[in-house]
Amino acid sequence: MNRAIPALILSAAALVPVWRYAPPTATTSTATAEPAPSASTSTSGDSTVVSGPTIDTEKGPVQVQATFKGEKITAVKMLQQPNHPQTEAAVPKLIEETLEAQSADIDTVSGATITSGAYRKSLQAVLDAKV
Amino acid sequence: MRRVEHIMGFPISLLIEDEGTTAEAAEPAFDWLRQVDARFSPFRADSEVSRLDRGELAPHELSPDLAEVLDLCEEYRVATGGAFDVRLPGRGLDPCAMVKGWAVQRAADLLTERGARRLCLNAGGDVAVTGGPWRVGVRHPERADRLCAVLEVGEGAVATSARYERGDHILDGRTGRPATGLLSLTVVAASLTEADATATAAFAMGVEGVEWAASREGCEVFAVSADGKVHRTPGLPVATTT
């Protein structure tokens with residue numbers, strides 16, 4: 001299990017930048033910062049639950065818990081996280097989609113068509129050639 | 001009326017769909033863009049930008065136009081934590097990224113002030129429109145002959161920054177290195193000044209620029225990251241299929 005703990009510390013460190021992007025407004029601190037012990041481990045059946053140490057970040061303490069089945073992580077839970085939304089309400093939540101190629105009836109094309117060579121090969125040049 | 005000219009190093013396509021509009025109606029816009037090229041190009045030794053860069057002009061000697069452009073540059077440099085910077089170390093002053101959107105928006109405004117109503121001005125893939133609806137395709141980042149989105153814009157602008165052409169020409173001002181992480185990023189905004197500067201600045205910031213652009217007031221975003229995923233704001237004006 002000794003191997004798992006550095007991995008957890010790494011995952012907590014990887015999560016830290018997530019909060020850095022949030023605007024520094026509304027930095028209400030909360031009482032999540034119980035004096036947390038360092039990493040702890042408990043096993044039930046074939047699963048092992050490991051709680052990482054509490055890491056203090058500029059937005060507050062962060063502690064991650066992971067469930068292992070053998071060497072594989074099957075679940076990750078935040079035991080402590082800054083009471084700070086990752087994105088403010090003013091920021092629209094981005095929608096994720098797959099990239100699809102399409103052609104359609106259009107009036108013009110937006111794209112980085114900044115050289116004349118690229119322009120000659122572009123859809124915009126085809127549109128411009130229309131009478 | 002449709003007219004294409006190459007100015008400032010890129011193709012500029014103008015479409016005015018008002019009854020009886022002649023090619024001459026476009027002249028004020030193209031004339032303004034030629035003036036901008038002469039005055040603001042860092043590639044012309046006698047331009048105002050080159051003279052400022054050589055220290056031949058004091059701040060109070062700047063034209064109001066250049067002062068306005070430099071103020072906008074500073075606004076975006078601060079807003080992006082330095083990712084958008086027109087004065088990179090070891091390079092001369094290069095405000096092209098700001099001048100383009102600003103100048104093309106003004107060209108469109110010059111025509112609407114003279115009575116144009118249904119107009120679409122496309123400068124190297126950056127688009128300003130009035131009197132829509134206009135259907136604006138977004139070029140697919142990996143296939144020049146395909147689109148990856150179609151937007152419908154009545155009034156406003158669409159600008160795209162991408163790496164598929166001219167290689168890594170956008171540098172992250174914070175590191176001085178080429179921006180990576182995104183294949184293309186498109187911004188829809190009320191003016192091309194805002195759309196183009198936001199798209200360029202966000203692209204320089206890489207993946208985190210998508211959220212930054214989405215947080216800017218009045219900006220809708222469509223971005224393709226290097227892993228081929230599309231990220232867009234819910235308010236993006238996606239056209240209905242025809």
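Every chain is numbered from 1 and lettered A, B, ... according to where its sequence line falls, protein lines coming before strand lines. Bear in mind the structure is a predicted one, so any value in this text is a computation, not a measurement.
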Problem set entry | Engaged part of B:A223 at the chain A interface, taking heavy atoms whose separation is under 4.5 Å | neither
Problem set entry | Contacting moiety of B:A123, where chain A heavy atoms sit under 4.5 Å | neither
Problem set entry | When B:R232, B:H231, B:H140 are compared by non-hydrogen pairs under 4.5 Å with chain A, the top option | B:R232
Exercise. Heavy-atom distance under 4.5 Å to chain A: side chain of B:C120, backbone, both or neither?
Worked result: side chain
Exercise. Non-hydrogen atoms of chain A under 4.5 Å away: do they reach the side chain of B:V224, the backbone, both or neither?
Worked result: side chain
For this session: To the nearest 0.5 Å, tell me how far A:L99 CG sits from B:R143 CZ.
Result: 10.5 Å
For this session: Nearest 0.5 Å please: distance from the CD atom of A:E100 over to the CZ atom of B:R146.
Result: 12.5 Å
Seminar exercise, completed: When the 4.5 angstrom heavy-atom criterion is applied to B:V127 and chain A, the contacting part is side chain
For this session: Determine whether the side chains of B:T186 and A:S110 contain a donor N or O and an acceptor N or O closer than 3.5 Å.
Result: no
Problem set entry | Flag if over 12 foreign heavy atoms under 6.0 Å of CZ, B:R117 | no
Problem set entry | Neighbour count >12 (heavy atoms, 6.0 Å) for atom CD, A:E96 | yes
Exercise. Would a distance-only check, ignoring hydrogens and angles, find a side-chain to backbone donor-acceptor pair under 3.5 Å from A:D107 to B:R135?
Worked result: yes
Problem set entry | Spacing of A:D128 atom CG and B:R3 atom CZ [to the nearest 0.5 Å] | 13.0 Å
Problem set entry | Non-neighbouring partners of A:T108 that pass side chain to side chain donor-acceptor pair (under 3.5 Å), sequence neighbours left out | A:Q124, B:N122
For this session: Using modelled atom types only, decide if a donor and an acceptor are shared between the side chain of B:R139 and the backbone of A:V109 within a distance under 3.5 Å.
Result: no
Exercise. Are any non-hydrogen side-chain atoms of A:L94 and B:T233 less than 4.5 angstrom apart?
Worked result: yes
Exercise. With a 4.5 Å limit on heavy-atom distance, are the side chains of A:E97 and B:K229 in contact?
Worked result: no
For this session: Under 4.5 Å heavy-atom distance to chain A, tell me which part of B:V138 shows up: side chain, backbone, both or neither.
Result: both
Exercise. Which region of B:E142, side chain (C-beta onward) or backbone (N, CA, C, O), has a non-hydrogen atom less than 4.5 Å from a non-hydrogen atom of chain A, or is it both or neither?
Worked result: side chain
Exercise. Going through the checks in order, is the side chain to side chain contact (heavy atoms under 4.5 Å, CB included) test met by A:I106 and B:L147?
Worked result: CA-CA 10 Å; A:I106 47 163; B:L147 309 170; 3.8 Å; yes
